[in-house]
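In the text below, chain A, chain B and the rest are named by the order of the sequence lines, each starting its count at 1.
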There are 2 protein chains.
Amino acid sequence: MTQENFKSPLLTVDSVLFTIKDNSLKILLLKRKNSPFQNSWALPGGFIDVNRDDSAENTASRKLTDKTGVTPPYLEQLNTFSSKSRDPRGWSASIAYFALIAHEETNLKVTPRNDESAQWVDVESLMDETANYQPLAFDHQQIFQFALERLKQKALYSMLPVFCLPKEFTLGEYHTLIEIILGKSIQKKTLYRRFEASNMFEETGETVATGARAAMLYRLKEDAELVNFERNLG
Amino acid sequence: MTQENFKSPLLTVDSVLFTIKDNSLKILLLKRKNSPFQNSWALPGGFIDVNRDDSAENTASRKLTDKTGVTPPYLEQLNTFSSKSRDPRGWSASIAYFALIAHEETNLKVTPRNDESAQWVDVESLMDETANYQPLAFDHQQIFQFALERLKQKALYSMLPVFCLPKEFTLGEYHTLIEIILGKSIQKKTLYRRFEASNMFEETGETVATGARAAMLYRLKEDAELVNFERNLG
DNA sequence: TAGATAATTGTCCTTGAGACACTATTTGTC
DNA sequence: GACAAATAGTGTCTCAAGGACAATTATCTA
């Protein structure tokens, strides 16, 4: 049985890029210029360019860098979504990636004001399918929800979400971020203990004030490795 | 930018099917009959048949059922491995699956004695690259190791490994299985507590003896859902 | 019937999350 | 300058579940 007996499916890459902005969790969406799903919002992605990309991760990274101007500090493979019906052009598979970035570090090529083709979209608004909800292209709603689940899961047992924050951040910002991701309140003490125990961060020496006592700024250590904890947050 | 501008990569599906047999963890390997890697051992898999398979999971399941005679009780997507160099025929991607089965429930189409084309291979022997070690085809060594990591990880926080055991089994068998997977000793008491807490199993009422006190046989409840624990085993 | 072997249970210890109150530092108001 | 408000950060007790390990129970063999 050789490959020639088989029609080859379409193969694409799509990424769910999260950030925290204006006190809410958002993902990057693009408005499609072409058919199918012309004018629908879709995840950033596209076909693998076998002449440029050594691997699918390469494709994902390249596409995200194209759109945001910077390489996301965290990128991992999420899942591959395949079926004969997810793309009207035929049997297709999309290798989906999951990425985090600080929106402050990005430089979206096209800002919403000039052209609505690239936009940070509030996760809440995507979950709420009432009102004037426009469905995402393809099965991108499903991919997004899969990614959101993974982000929530990882927030329970790792410091992963820090990659949504700028290079220097306060414990308070981290605390807020986690509460937004998990959608419930978490004890500061618990997060501070984990933050300390992870040994991933160092004080910058600077502090920043938000109307009250100044907070210490932290940054990732040079050689920091992502730590997994033995227990989940409740 | 349309799909026509791009050469489509090859797309395959491969599965790592684990079982427990003769007190060791094994995976199913097949000897390749065709080039490339003719006569090398490889993971069960192959090209997606877009006319038969609705999704890649379908392909994985179909291939495994072909080889073992039964549908594995647990199958999940693992990761997609892609690169321009993993297959000498060109840029390719393999959607890898991770599956568990009780070898007692299988009926390998070809047994080792008659034809060595399908065989349960000891995981230990695959890790040990000394001596007369024959490398697996493609990047299947890497895929296998990825799968083994996932199995170990899941054994720490779920009852997943029970799917390596036959429909009826004892707590002692489960204990042994976990110790083999993790490669270290685990307190029986801890596992028994989790087993109870999971609420996934029920007594069959039967017992079985292995030379000493008879052990209670358990089976999965009809409506059992896989439970994840909040903490990892040490 | 005693001894061996494995199954199962009891109980105390330890770790790290949850609750929650307390202290510290900065800003603004009078 | 004293003090109130607000957020940053700490102390400390409780609780749940894993780890250690010994005690108890059931079954088989000699």
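The base of C:dA24 sits with one of its N or O atoms less than 3.5 Å from a complementary donor or acceptor on the side chain of A:Arg213.
The number of heavy-atom neighbours closer than 6.0 Å to CD of B:Glu76, taken from other residues, nucleotides and ligands shown, is above 12. With a 6.0 Å radius and a threshold of 12 heavy atoms from other residues, nucleotides or ligands, B:Lys221 has its NZ atom above the threshold. Surrounding CD of A:Glu168 are more than 12 heavy atoms belonging to other residues, nucleotides or ligands, all under 6.0 Å away.
In this structure, the side chains of A:Lys26 and A:Val121 stay at 4.5 Å or more apart for every pair of heavy atoms. Side-chain contact between A:Phe81 and A:Phe146: present, with at least one pair of heavy atoms (C-beta onward) separated by less than 4.5 Å. You'll find the side chain of A:Val70 stays beyond 4.5 Å of the side chain of A:Asn107, heavy atoms only. At a threshold of 4.5 Å between non-hydrogen side-chain atoms, the residues B:Gln119 and B:Leu29 do not count as touching. Side-chain contact between B:Tyr74 and B:Cys164: absent, with no pair of heavy atoms (C-beta onward) separated by less than 4.5 Å. By the 4.5 Å heavy-atom criterion applied to side chains, B:Ser94 and B:Arg86 are counted as neighbours.
Within residues 182-206 of chain B, the residues that have a heavy atom under 4.0 Å from DNA chain D are, in order of number, B:Gln187, B:Lys189, B:Thr190, B:Arg193, B:Arg194. Across residues 153-181 of chain A, not one residue has a non-hydrogen atom less than 4.0 Å from an atom of DNA chain C.
Using a 4.0 Å heavy-atom distance criterion, B:Ala215 is classed as a sugar-phosphate-only contact.
The CG atom of B:Leu233 sits 16 Å away from the C1' atom of C:dT14 (whole-angstrom rounding).
Mapping B:Ala212 and B:Arg231 onto DNA chain D via the closest heavy atom, the residue that lands nearer the 5' end is B:Arg231.
The nucleotide range of DNA chain D contacted by chain B, defined by atoms under 4.0 angstrom from heavy atoms of the protein and reported 5' to 3', is D:dA16 to D:dC28.
A centroid separation of 6.0 Å or more is found between the aromatic rings of A:Tyr174 and A:Tyr218.
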